[in-house]
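Okay, structure first, notes after.
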Amino acid sequence: ELPESWADMQEPLLEGMCFTLKYLGMTLVEKPKGEDMAAAAIRRIVATARVGARKFQKVILTVSPRGISLQDADTKEMVENISIYRISYCTTDKLQNKVFAYVAQSQESGALECHAFLSPKKKIAQAVTLTVAQAFQMALDLWEATHAGK
């Protein structure tokens, strides 16, 4: 449950805001950003996810100015840690409005990957997107503050 003024709160974001979501999957994309690219990628991921009858991995997605970290909700095992500097785009899909997705550059291959997650409510998917946007702004502010004196 998010407090009404959560968008103005910077403290929790520094520590990391956690969201429990279901991981739908990943697809490679050509461009680092753009609504059409993201919508097409999400459609591909959702279509693939519907075909496989497997249970989706429940993850705890933590957003902070350092980036996004993914942890398995059941085993508490770290799945992935994505630096804020490798994330180029995030969105809540217009049609699948419970789906949150982000595009990041793979550390291993350098390829652009779109990862999609299903949230229990449309509001939560939007909250994750806004939190990532806020984390970007804070990371930029912190970066500018450290480079201002140089």
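The closest side-chain heavy-atom distance from Tyr23 to His115 is below 4.5 Å. Here the side chains of Ser69 and Met78 are in contact, with some heavy-atom distance below 4.5 Å. Using a 4.5 Å heavy-atom threshold, the side chains of Thr131 and Phe19 count as touching. Side-chain contact between Leu70 and Ile60 is absent, with no heavy-atom pair separated by less than 4.5 Å. The side-chain heavy atoms of Val132 and Tyr102, taken from C-beta on, include no pair separated by under 4.5 Å. Annotation: side chain of Glu35 is in contact with side chain of Lys94 (closest heavy-atom distance under 4.5 Å). Residues Tyr85 and Phe136 fail the side-chain proximity criterion, which asks for heavy atoms closer than 4.5 Å.
Here Ile87 contributes atom CD1 and Ile68 contributes atom CD1; the two are 3.5 Å apart, rounded to the nearest 0.5 Å. For the atom pair CD1 (Ile124) and NZ (Lys98), the distance works out to 9.5 Å, reported to the nearest 0.5 Å. To the nearest 0.5 Å, the span separating CD on Gln137 from CD1 on Ile84 amounts to 10.5 Å. Gln57 CD to Lys55 NZ: the interatomic distance, rounded to the nearest 0.5 Å, is 10.5 Å. The OG1 atom of Thr27 sits 4.0 Å away from atom CZ of Arg44, with the distance rounded to the nearest 0.5 Å. Here the straight-line distance linking atom CD of Glu80 with atom CD1 of Ile82 works out to 4.0 Å at 0.5 Å rounding.
For Ala111 against Leu28, the heavy-atom pair with the smallest separation is CB-CD2, 3.9 Å. Across every non-hydrogen atom of Gln71 and Val79, the tightest pair is C-CG2, 4.0 Å. The nearest pair of heavy atoms linking Asp74 to Asp72 is N-OD1, 2.7 Å. Considering every non-hydrogen atom in both Cys114 and Ala101, the closest pair reads SG-CB, 4.1 Å.
With hydrogens and angles ignored, the 3.5 Å screen pairs a side-chain donor or acceptor of Thr92 with a backbone N or O of Ala125. Between the side chain of Ser88 and the main chain of Pro32, a donor-acceptor pair closer than 3.5 Å is present. With hydrogens and angles ignored, the 3.5 Å screen pairs a side-chain donor or acceptor of Thr146 with a backbone N or O of Trp143. With hydrogens and angles disregarded, a donor-acceptor distance shorter than 3.5 Å links the side chain of Arg86 to the backbone of Gln105.
Counting side-chain heavy-atom gaps under 4.5 Å among Ile, Leu, Val, Met, Phe, Trp and Tyr, the cluster of Tyr89 also holds Val29, Met37, Val103, Leu112. The hydrophobic cluster containing Ile45, built from Ile/Leu/Val/Met/Phe/Trp/Tyr side-chain heavy atoms closer than 4.5 Å, also comprises Leu24, Ile42, Val46, Phe56, Val99, Leu118.
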